[in-house]
Visitor: 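Below is a structure I'd like to ask you about.
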Protein chains: 2
Amino acid sequence: MNNIKDTRQRIIEVAKTRFHNRSYADVGIKEICDMASIQKGSFYHFFPSKRDLVVAVIDEFAIDWANGFVAEAFDPALPPMDRIDYVIDAAYYWQKSNKDLNGHIPGCLFGNLALEISTQDDVLRAKLNAVFTSAKDRFRDTLDEAVEQGIIDPLDSDATAAAMLAYLEGLILLAKAENDPEVIYRLGSALKKIRIELNKH
Amino acid sequence: MNNIKDTRQRIIEVAKTRFHNRSYADVGIKEICDMASIQKGSFYHFFPSKRDLVVAVIDEFAIDWANGFVAEAFDPALPPMDRIDYVIDAAYYWQKSNKDLNGHIPGCLFGNLALEISTQDDVLRAKLNAVFTSAKDRFRDTLDEAVEQGIIDPLDSDATAAAMLAYLEGLILLAKAENDPEVIYRLGSALKKIRIELNKH
DNA sequence: ATGATAATTGACCGGCCGGTCAAATGCAAG
DNA sequence: CTTGCATTTGACCGGCCGGTCAATTATCAT
């Protein structure tokens with residue numbers, strides 16, 4: 001009687017959920033093992049250390065995020081600037097549904113980890129930063145498309161994209177602090193209006 | 001030979017710095033005691049628990065923040081909308097100087113703590129949220145002043161203020177993930193252009 | 001069937017965690 | 001000088017932390 005998912009995968013998924021809803025430091029190996037119904041030795045068969053686990057979690061869910069939430073939000077069927085509104089919707093519903101389940105807003109896994117461990121582990125920091133960069137690139141491509149189509153005026157699309165991502169992360173942070181997903185909705189309309197102009201030299 | 005500062009104050013300040021540069025969970029009582037040159041029993045004479053310490057840290061530095069960084073940034077001698085640019089400057093120099101000293105960007109103490117413990121302790125979460133609310137109020141008052149003076153069009157000043165705070169926290173988050181204070185500078189110009197319009201019913 | 005390897009078990013480790021306590025000391029008021 | 005309280009000391013606690021290991025069991029290619 002094999003388990004549906006293989007052990008390694010189950011560990012990663014349990015860890016991801018726990019890290020996301022609490023914090024890296026607060027979730028212990030023991031707890032992860034219990035939740036994955038395995039023994040500690042088995043955990044260390046797959047991961048040399050807790051740090052290697054969080055690396056795997058980040059790697060795995062960076063892809064999931066890019067291909068899931070982000071890809072879905074940046075639906076190419078929508079007009080470019082509508083996609084940006086759609087990001088807000090996606091973020092809102094994600095946080096909302098999680099609150100309905102657990103009673104609190106987990107925030108963004110990557111944002112949480114970035115603030116918790118950026119100063120303590122430069123490799124993890126760089127990994128998290130890469131996740132943000134690729135999300136920013138999605139925004140940038142969308143903006144470039146909008147410029148091409150003449151929907152918006154030319155702008156510094158890379159900087160604007162980064163600014164939009166910053167605003168999104170900030171919204172989620174504030175929503176988490178208020179434990180109210182409505183914050184995202186209430187303030188979301190400003191996202192697509194952010195503009196950073198091209199430098200003129 | 002008494003110490004310059006009394007013990008309780010020294011504990012709070014050591015803890016504040018450590019929490020800010022690392023994380024709540026990562027910094028132990030023992031370490032705080034060592035850095036404050038006291039024994040554990042002395043610590044527990046002043047604080048019933050670690051949690052009570054972080055409450056004191058938040059309380060104390062919420063005031064410091066409001067009267068220090070925030071008050072300084074919102075310099076009433078400046079035209080209202082210039083103050084908002086000044087907030088960016090203040091945030092930039094603060095993070096920059098800290099990086100020059102420690103090699104990394106600590107981010108915002110309140111943002112860090114909010115993401116780390118909001119889901120785990122509702123009282124702390126509410127405390128952090130109150131800090132954000134009072135910062136938001138500063139933005140709002142500034143916006144109201146600008147509207148009064150006819151510098152900007154009427155707007156939903158409360159929502160816009162919250163949006164500005166979100167953006168600021170997002171900038172700091174991204175800068176921390178990139179470990180580069182220049183992010184704040186590069187994207188800062190968009191802060192004062194954020195607008196959320198009044199609802200029309 | 002056999003042998004190698006992958007996976008799993010469960011007991012174990014040193015060390016650190018937050019927290020406690022009785023005893024000693026500092027200090028100030030009477 | 002004494003009383004009484006605030007402060008500080010340093011040893012101590014149980015429990016959990018991340019991590020190890022030898023032994024067992026499942027898997028699979030030959």
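First the proteins, then the strands, lettered A, B, ... as listed; each starts at 1.
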Visitor: Can you tell whether the side chains of B/Asp158 and B/Lys136 come within less than 4.0 Å, N to carboxylate O?
Guide: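 Salt bridge between B/Asp158 and B/Lys136, a charged N being under 4.0 Å from a carboxylate O: yes.
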Visitor: Rounded to the Å, how far apart are A/Tyr44 OH and C/dA11 P?
Guide: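 Rounded to whole Å, this separation is 18 Å.
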Visitor: Report the residue (B/Arg8 or A/Arg51) whose heavy-atom-nearest nucleotide on DNA chain D is the more 5′ of the two.
Guide: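 Looking at the nearest nucleotide for each, B/Arg8 comes out on the 5' side.
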Visitor: Among C/dA6, D/dA6, D/dG19, which is the nearest nucleotide to the side chain of A/His45?
Guide: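 Nearest to the side-chain atoms of A/His45, counting from C-beta on, is C/dA6.
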Visitor: For A/Tyr86, is the OH atom crowded, meaning more than 12 foreign heavy atoms sit under 6.0 Å from it?
Guide: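 No.
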Visitor: Across the strands shown, which category fits B/Gly41 at heavy-atom distances under 4.0 angstrom: base, sugar-phosphate, nothing?
Guide: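 The answer is base, as B/Gly41 lies within the cut-off (heavy atoms under 4.0 Å) of a base atom.
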Visitor: Is there a side-chain contact between A/Thr7 and the phosphate of C/dA7, meaning an N or O under 4.0 Å from OP1 or OP2?
Guide: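 Checking C/dA7 against A/Thr7, no side-chain N or O comes under 4.0 Å of OP1 or OP2.
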Visitor: B/Glu31 CD to C/dC16 P: how many Å, rounded?
Guide: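 So the two atoms are 12 Å apart, to the nearest Å.
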Visitor: Write down the distance between CD1 (A/Ile32) and P (D/dG18), rounded to a whole number of angstrom.
Guide: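 Between P of D/dG18 and CD1 of A/Ile32: 8 Å.
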Visitor: Calculate the interatomic distance between A/Asp6 atom CG and C/dT8 atom C1'; express it in whole Å.
Guide: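 Rounding to the nearest Å, CG of A/Asp6 and C1' of C/dT8 are 14 Å apart.
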Visitor: Roughly, in whole Å, what's the span from CG in B/Asp52 to C1' in C/dT20?
Guide: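 So the two atoms are 16 Å apart, to the nearest Å.
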Visitor: Taking the side chain as every heavy atom from C-beta outward, state whether B/Trp65 and B/Leu109 have any atom pair closer than 4.5 Å.
Guide: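 With C-beta onward as the side chain, the pair stays apart.
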Visitor: About how many Å separate CG of B/Leu53 and CZ of B/Phe19, when rounded to the nearest 0.5 Å?
Guide: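 Going from the CZ atom of B/Phe19 to the CG atom of B/Leu53 covers 4.5 Å.
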Visitor: Separation of A/Ile38 atom CD1 from D/dT24 atom P, in whole Å?
Guide: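 Nearest whole value for this atom pair: 21 Å.
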Visitor: Select one nucleotide: of C/dA7, D/dT9, D/dT7, the one nearest the side-chain heavy atoms of A/Phe46.
Guide: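 The closest nucleotide is C/dA7.
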Visitor: Name the closest nucleotide to the B/Lys30 side chain, picking from C/dT8, C/dC17, D/dT8.
Guide: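 So the side chain of B/Lys30 is nearest to C/dC17.
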Visitor: Taking donor-acceptor contacts at under 3.5 Å, does the side chain of A/Lys40 reach the base of D/dG18?
Guide: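 Yes, the side chain and the base share a sub-3.5 Å donor-acceptor pair.
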Visitor: Side-chain N or O of B/Ser49 versus OP1/OP2 of C/dG18: is the shortest distance under 4.0 Å?
Guide: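 Negative; the distance criterion is not met.
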Visitor: What do the steps show when you test A/Arg83 against A/Glu145 for salt bridge (charged side-chain N to carboxylate O under 4.0 Å, His left out), and what is the final call?
Guide: CA-CA 11 Å; A/Arg83 291 173 214 168; A/Glu145 207 177 317; 2.9 Å; yes
Visitor: What is the distance, rounded to the nearest whole Å, between atom CD of B/Gln39 and atom P of D/dA6?
Guide: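 Rounded to the whole Å, the gap is 21 Å.
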Visitor: For A/Asp26 and A/Pro48, find the nucleotide of DNA chain D closest to each by heavy atoms; which residue's nucleotide sits nearer the 5' end?
Guide: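 The 5'-side residue here is A/Asp26.
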Visitor: What integer distance in Å separates A/Tyr24:OH from D/dC17:P?
Guide: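 Those two atoms, OH and P, are 13 Å apart.
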